[in-house]
Amino acid sequence: MTRVITNSFKIASGEYARILFRIFANKWWWVFAIVVIGIFSLSVLNINFIYVALMVMFIIIPMIMSFLYIVYGLVPESRLSILAKSAIINCDELELHFEDENGNLVKVEHILLESFSRYVPQKKWLLLFYKGSNYRFFIIPYDAFKSVEDLRITIGVLRKKLVAE
């Protein structure tokens, strides 16, 4: 049975939000670009459209981002990424050992790998996306793994159970 134990890790909530916004922007950037370019194009006809474009850029888009954070960043699944923990990765589940600031074990939580739909390796971390959502994910930083071999074993386990992107 394959078993990988990670070092203690956590993700700052700002970093989690930045990843969430980047995923959202990669999918929907063209909508914002069309709106802003369209409004700036209309400013040729009437200069007041520049004010509308600025309102879209500095009021509407930040409101959409805050809504995105409230809906997806404040769900219980995001809490799992943000709190300090260590993980044991088996072939069937992720076992999370949550710690307090002194390093004492507070809670153990089990997440079946079946609850994830896909995994995405990125530059600094591994994203595991929950089923049914493109914006709910669990983050494991690469520096949480004790060795490169542990990371390879983990990716091998995930490859058998999940779809890679």
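Throughout, numbering of the chain's residues begins at 1 and tracks the sequence.
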Output the distance between atom OG1 (Thr154) and atom CZ (Phe145), rounded to the nearest 0.5 Å. 4.0 Å
Atom CG of Leu20 and atom OH of Tyr72: how far apart are they, to the nearest 0.5 Å? 9.0 Å
Tightest non-hydrogen contact, residues Ser78 and Gly73, listed as OG-O, 2.6 Å
Tell me whether Asn102 contacts the main-chain N or O of Asn104 through its side chain, where contact means a donor paired with an acceptor under 3.5 Å. no
Classify the angle between the aromatic ring planes of Phe137 and Tyr16 as parallel (below 30°), tilted (30 to 60°) or perpendicular (above 60°). parallel
Val35 with Trp29, same ILVMFWY side-chain cluster at under 4.5 Å: yes
Within this structure, what is the CD1-CZ distance for the pair Ile50 and Phe40, rounded to the nearest 0.5 Å? 6.5 Å
Residue set satisfying side chain to side chain donor-acceptor pair (under 3.5 Å) with Lys107, at least two apart, ordered chain then number -> Glu109
Nearest 0.5 Å, what's the CG-CG distance between Leu42 and Asn46? 9.0 Å
Supply the atom-to-atom distance Ile155 CD1 to Ile153 CD1, rounded to the nearest 0.5 angstrom. 11.0 Å
List the steps and the verdict of side chain to side chain contact (heavy atoms under 4.5 Å, CB included) for Phe98 and Leu80. CA-CA 9 Å; Phe98 292 96; Leu80 298 178; 3.4 Å; yes
Apply side chain to side chain contact (heavy atoms under 4.5 Å, CB included) to residues Val4 and Val157 and explain how you reach the verdict. CA-CA 10 Å; Val4 173; Val157 167; over 6 Å; no
Heavy atoms of Asn134 and Arg118 approach each other most closely as OD1-NH2, 3.3 Å
Linking I/L/V/M/F/W/Y whenever any side-chain heavy atoms sit under 4.5 Å apart, do Ile60 and Val71 land together? yes
Is it true that Asp92 and Lys161 have a side-chain N and a carboxylate O under 4.0 angstrom from each other? yes
Show your working on side chain to side chain contact (heavy atoms under 4.5 Å, CB included) between Ser13 and Tyr69 and close with a plain yes or no. CA-CA 10 Å; Ser13 59; Tyr69 184 73; 4.2 Å; yes
Please report the shortest heavy-atom distance between Val108 and Glu95, naming the atom on each side. CG1-CG, 3.9 Å
Identify the two heavy atoms, one from Ile5 and one from Asp150, that lie closest to each other, and give their separation to 0.1 Å. O-OD2, 4.2 Å
Quick one: do Leu74 and Tyr130 end up in the same hydrophobic cluster if we chain Ile, Leu, Val, Met, Phe, Trp and Tyr together by side-chain heavy atoms under 4.5 Å apart? no
Arg79 CZ to Lys85 NZ distance, which is reported to the nearest 0.5 Å: 10.0 Å
Determine whether Leu83 and Val106 satisfy the following criterion, side chain to side chain contact (heavy atoms under 4.5 Å, CB included), listing intermediate values before the conclusion. CA-CA 11 Å; Leu83 296 175; Val106 175; over 6 Å; no
List the atom of Ser81, the atom of Ile139, and the distance in Å for their closest heavy-atom pair. OG-N, 3.0 Å
Should Leu162 and Ile23 be regarded as members of a common hydrophobic cluster, given that ILVMFWY residues are connected when their side-chain heavy atoms come within less than 4.5 Å of each other, either directly or indirectly? no
Polar contact flag, side-chain donor to acceptor under 3.5 angstrom, His97-Glu99: no
Nearest non-hydrogen partners of Trp125 and Arg22, listed with the distance: CZ2-NH1, 4.5 Å
Over 12 non-hydrogen atoms of neighbours within 6.0 angstrom of CD in Glu114: no
Is there a path of hydrophobic side-chain contacts, each under 4.5 Å between heavy atoms of I, L, V, M, F, W or Y residues, that connects Ile88 with Leu113? no
